[in-house]
Amino acid sequence: LISNLLRPVKANHHQMVSSLRSLYLHQGPLAIACFPPERLGFLYEEQQQDMLEDGRSDIYSLGIIAYQWFIAPLPEPELRCIFRADGYEKDALRKLHQRMRADIGRSGEPRILCDLLERMISENRRNRPTSLEVYSELVAHAEGLLNIWRETEAQPTYLPVSYTHLRAH
């Protein structure tokens with residue numbers, strides 16, 4: 001996972017840190033939008049010490065991907081305005097996160113899934129579930145979620161085709 005790769009990077013390894021920053025920043029705004037807030041501080045050189053990351057940092061990224069599957073695509077034009085090579089607009093990002101949480105609540109997806117997604121994309125990593133907690137919740141509620149979708153014949157609007165076939169069984 002990304003956190004495992006970045007955690008050992010020390011601020012005194014300037015060349016390695018610069019290379020990592022460059023690598024990530026050149027992926028574009030859609031990729032950067034998947035970075036947890038604690039990684040943004042590192043990328044945009046707001047933190048001089050090691051990144052304060054753990055496995056929950058990657059849960060944020062997974063939550064953003066799941067948001068795009070189940071709720072809506074991220075607004076790329078808005079992301080280009082938020083994330084630039086020289087920095088990012090913190091207030092605009094905060095507003096985007098607020099709108100995403102509101103979109104989750106209005107999505108019509110099962111409440112169990114919505115609650116999990118909201119926790120996964122929490123701005124505070126301590127409020128995010130661990131990967132084991134995400135897995136356990138999904139396993140515990142999988143049959144219920146599938147039954148809800150079967151009963152309503154609803155398909156998440158943005159669910160990738162590669163996953164849609166699994167929902168039919």
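In this text, all values refer to a predicted model and were calculated from it rather than measured experimentally.
Listed by chain and residue number, nothing satisfies the salt bridge (charged side-chain N to carboxylate O under 4.0 Å, His left out) test with E133 (two or more places apart in sequence, or in another chain). Evaluation of the side-chain hydrogen bond (donor to acceptor under 3.5 Å, both in side chains) rule for Q98 yields no partner, not counting sequence neighbours. Listed by chain and residue number, R84 satisfy the side-chain hydrogen bond (donor to acceptor under 3.5 Å, both in side chains) test with E89 (two or more places apart in sequence, or in another chain). Among residues two or more places apart in sequence or in another chain, the side-chain hydrogen bond (donor to acceptor under 3.5 Å, both in side chains) test is passed with R94 by D91.
Two residues are said to be in side-chain contact when any heavy atoms from C-beta on lie closer than 4.5 Å; L74 and Q68 meet this criterion. Looking at heavy atoms from C-beta onward, N124 lies out of side-chain contact with P37 at the 4.5 angstrom threshold. For the pair I112/I148, no side-chain contact is recorded, criterion being any heavy-atom separation below 4.5 Å from C-beta on.
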Open item on the list: Please determine whether side-chain contact (heavy atoms from CB on, under 4.5 Å) holds for the pair I59 and I121, giving the CA-CA distance in whole Å, both sets of side-chain angles, and the decisive distance to 0.1 Å.
Closed with: CA-CA 8 Å; I59 292 300; I121 64 170; over 6 Å; no
TODO: With side-chain contact (heavy atoms from CB on, under 4.5 Å) as the test, would you mind laying out the steps for D58 and R39 before giving the verdict?
DONE: CA-CA 10 Å; D58 289 325; R39 193 170 299 150; 3.2 Å; yes
- [ ] Mind running side-chain contact (heavy atoms from CB on, under 4.5 Å) on L40 and I32 for me, showing each step along the way?
- [x] CA-CA 8 Å; L40 291 174; I32 296 171; 3.7 Å; yes
TODO: Begin from the C-alpha positions of M120 and R128 and carry the test side-chain contact (heavy atoms from CB on, under 4.5 Å) through to its verdict.
DONE: CA-CA 5 Å; M120 289 173 73; R128 295 180 207 136; 5.8 Å; no
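Here the closest heavy-atom approach between residue A33 and residue I64 is recorded as O-CG1, 4.0 Å. Nearest heavy-atom pair, L117 versus A66, reported as atom, atom and distance to 0.1 Å: CD2-CB, 3.4 Å. Closest non-hydrogen pair, S57 versus R125, comes out as OG-CD, 4.0 Å. When all heavy atoms of F35 and Y60 are compared, the closest pair comes out as O-CE2, 3.1 Å.
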Give every donor-acceptor pair under 3.5 Å between a side-chain atom in residues 99-106 and any protein atom, sequence neighbours left out.
| unit_1 | atom_1 | unit_2 | atom_2 | d |
| --- | --- | --- | --- | --- |
| R99 | NH1 | E78 | OE1 | 3.2 |
| R99 | NH1 | E78 | OE2 | 3.3 |
| R99 | NH2 | E78 | OE1 | 2.7 |
| R101 | NH2 | E123 | OE2 | 3.4 |
| D103 | OD1 | R106 | NH2 | 2.6 |
| D103 | OD2 | Y67 | OH | 3.0 |

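Within 6.0 Å of CZ in R126 there are 12 or fewer heavy atoms belonging to other residues, nucleotides or ligands.
To the nearest 0.5 Å, the span separating CZ on F70 from SG on C114 amounts to 10.0 Å. To the nearest 0.5 Å, the span separating CG on L145 from CD on E137 amounts to 10.5 Å.
Here the side chain of S61 pairs a donor or acceptor atom with the backbone of C34 at under 3.5 angstrom.
Screening residues 98-136 for ring pair (Phe, Tyr, Trp, His ring centres under 6.0 Å), with sequence neighbours left out, gives no hits.
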